[in-house]
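Shown next, in structure tokens, is the structure this report addresses.
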Amino acid sequence: MSADLLRAAIRDVVDFPQPGIVFKDITPVLADGHLFRESISLLCKTTGGAKIDKVVGIDARGFIFAAAVADRLGAGFVPVRKKGKLPWKTRQTAYSLEYGQSIVELHEDAVKPGESVLVVDDLLATGGTAAAAVKLLDELGANIVRISVLIELAFLNGRSKLGAHPVSAILTY
Ligand code: AMP
């Protein structure tokens, strides 16, 4: 199966959640067993076989992909969550995304210094969300192996916010 089938399944929703945004709706991919499995396989391949201790998923659609990738890689799963959702001691950082502002948090003991992590999200837009996750992981001393997303909106140049960290996208628009 090729990434073209994934691309064909992703639905553009114009003016959601606000005017001017073309929202990439990945629910048709999730709803199709073959497409969902293929999306996880392609995300796993982005590691190139590197050892991954933890897969870090970003709230909320990132969780869906990251948890499945973690299971496939035999790695742990770590959530980066929107403010106020994590129960233990957290680090937090504020960031802006394509349509608004937010604060994300990470448990202080979620990753040990030197652990190898793969960051997974559904979509890279301006890069603010992924950069916030990277900042928190850097503070904990994680070794960020790669940031892998299903979709990259390349025209928003989100990679520029991620420094030297390698980024992989299965589909680029
Ligand atoms: P950003 O911080 O601008 O890179 O935004 C990335 C986050 O916002 C991801 O977690 C996406 O789920 C969500 N997002 C931003 N823009 C879109 C879009 N056009 N379609 C779907 N999700 C989006």
Side-chain angles (χ1 to χ4, degrees), residues 3 6 10 21-24 26 39-70 72-73 75-86 88-173:
L6 288 174
I10 289 163
I21 300 294
V22 178
F23 191 87
K24 297 290 183 192
I26 46 97
S39 68
I40 300 307
S41 297
L42 291 169
L43 286 167
C44 287
K45 278 186 192 155
T46 64
T47 65
K51 181 176 148 296
I52 303 294
D53 298 308
K54 305 266 171 69
V55 180
V56 176
I58 304 181
D59 201 346
R61 285 178 296 276
F63 293 167
I64 301 164
F65 294 98
V69 168
R72 194 82 67 87
L73 295 178
F77 168 77
V78 167
V80 168
R81 296 217 63 179
K82 305 262 170 64
K83 183 178 161 60
K85 301 289 187 185
L86 287 172
W88 184 238
K89 293 174 191 166
T90 61
R91 283 173 181 267
Q92 63 171 234
T93 188
Y95 69 102
S96 52
L97 70 170
E98 196 188 2
Y99 43 77
Q101 283 222 314
S102 194
I103 291 174
V104 283
E105 295 182 332
L106 179 64
H107 272 157
E108 282 190 348
D109 59 357
V111 176
K112 296 185 191 72
E115 278 192 316
S116 295
V117 304
L118 173 71
V119 179
V120 171
D121 203 358
D122 66 328
L123 185 143
L124 181 70
T126 65
T129 311
V134 163
K135 178 170 182 280
L136 294 174
L137 289 164
D138 276 341
E139 285 176 15
L140 294 186
N143 167 35
I144 300 170
V145 172
R146 183 166 293 275
I147 299 149
S148 297
V149 296
L150 187 68
I151 301 166
E152 177 182 9
L153 303 183
F155 54 90
L156 293 173
N157 200 22
R159 286 179 189 239
S160 65
K161 288 209 181 78
L162 300 174
H165 296 295
V167 178
S168 289
I170 308 305
L171 302 171
T172 303
Y173 292 84

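Note: hydrogens, waters and symmetry copies are ignored here, and every other heavy atom, side chains too, is used. One-based numbering along the sequence shown.
Cation-pi contact between K24 and Y173: present, with separation from the ring centre below 6.0 Å and deviation from the ring axis of at most 45°.
The shortest side-chain heavy-atom distance between L171 and I10 falls under the 4.5 Å cut-off. Counting heavy atoms from C-beta on, the side chains of V120 and I58 never come closer than 4.5 Å. Two residues are said to be in side-chain contact when any heavy atoms from C-beta on lie closer than 4.5 Å; I170 and V149 fail this criterion. Counting heavy atoms from C-beta on, the side chains of R61 and I26 come closer than 4.5 Å. The closest side-chain heavy-atom distance from L118 to L73 is below 4.5 Å.
No option in V117, I147, V56 other than I147 meets the side-chain contact (heavy atoms from CB on, under 4.5 Å) test with V134.
Ion pair E105/K82 not flagged as a salt bridge, since none of the NZ, NE, NH1 or NH2 atoms sits closer than 4.0 Å to an Asp/Glu carboxylate oxygen. No salt bridge links E108 with K89; every basic N to acidic carboxylate O contact stays at or beyond 4.0 Å.
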* Intermediate values then yes/no, side chain to side chain donor-acceptor pair (under 3.5 Å), R146 and T47 -> CA-CA 7 Å; R146 183 166 293 275; T47 65; over 6 Å; no

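Looking at T46 and S148, their side chains do bring a donor and an acceptor atom within 3.5 Å of each other. A donor-acceptor pair shorter than 3.5 Å can be found between the side chains of S41 and R72.
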